[in-house]
Amino acid sequence: MRTNDVMTRLEAAVSALGDVDVSAWPEDTLKEQLGELSAVLVALDGVLSRVADGVRARGLRIEEPVSV
């Protein structure tokens, strides 16, 4: 996959996750979905860690963008 395509997909994932607001979910829904939500969050954490580790393994740093 081309680098531009990967970056586009990553940005789309960030946008989709930005739309998630569990505080707006009814309590019953959150309890019902908690197992699945937990599994997704753990998987997401693992993937993000793998990508970050790959960047760091190449001797680069991951830095927060400075807002202007």
Side-chain angles (χ1 to χ4, degrees):
M1 183 176 294
R2 294 178 354 165
T3 305
N4 288 343
D5 294 338
V6 170
M7 292 307 300
T8 298
R9 291 177 67 185
L10 287 171
E11 289 167 357
V14 168
S15 179
L17 288 169
D19 293 339
V20 176
D21 180 8
V22 295
S23 68
W25 293 9
E27 191 74 16
D28 289 342
T29 301
L30 183 55
K31 287 179 181 176
E32 183 178 297
Q33 297 294 319
L34 191 55
E36 188 175 354
L37 178 61
S38 296
V40 168
L41 291 173
V42 168
L44 179 60
D45 182 61
V47 171
L48 290 173
S49 293
R50 180 186 55 79
V51 172
D53 288 348
V55 170
R56 290 183 192 107
R58 298 197 49 187
L60 301 169
R61 291 181 50 185
I62 297 173
E63 299 178 10
E64 251 186 86
V66 177
S67 57
V68 178

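- Listed by chain and number, the residues in a salt bridge (Lys or Arg N to Asp or Glu O under 4.0 Å) with R9 amount to none (sequence neighbours excluded).
- Applying the salt bridge (Lys or Arg N to Asp or Glu O under 4.0 Å) criterion to R2, with sequence neighbours excluded, gives D5.
- Following chains of ILVMFWY side-chain contacts shorter than 4.5 Å, one cannot reach L41 starting from V14, and the two form parts of different hydrophobic clusters.
- Among pairs with a residue in residues 25-50, none fulfils side-chain hydrogen bond (donor to acceptor under 3.5 Å, both in side chains), at least two apart in sequence or across chains.
- No side-chain heavy atom of L10 sits under 4.5 Å from any side-chain heavy atom of V51.
- Judged as a side chain to side chain donor-acceptor pair (under 3.5 Å), and not counting sequence neighbours, the contacts of D21 are S23.
- Chaining together hydrophobic side chains whose heavy atoms lie under 4.5 Å apart places I62 alongside V55, L60.
- L30 and V20 fall within the same hydrophobic cluster, defined by Ile, Leu, Val, Met, Phe, Trp and Tyr side-chain heavy atoms under 4.5 Å apart, directly or through other members.
- Partners of E63 according to the salt bridge (Lys or Arg N to Asp or Glu O under 4.0 Å) rule, which considers only residues two or more places apart in sequence or in another chain, are R61.
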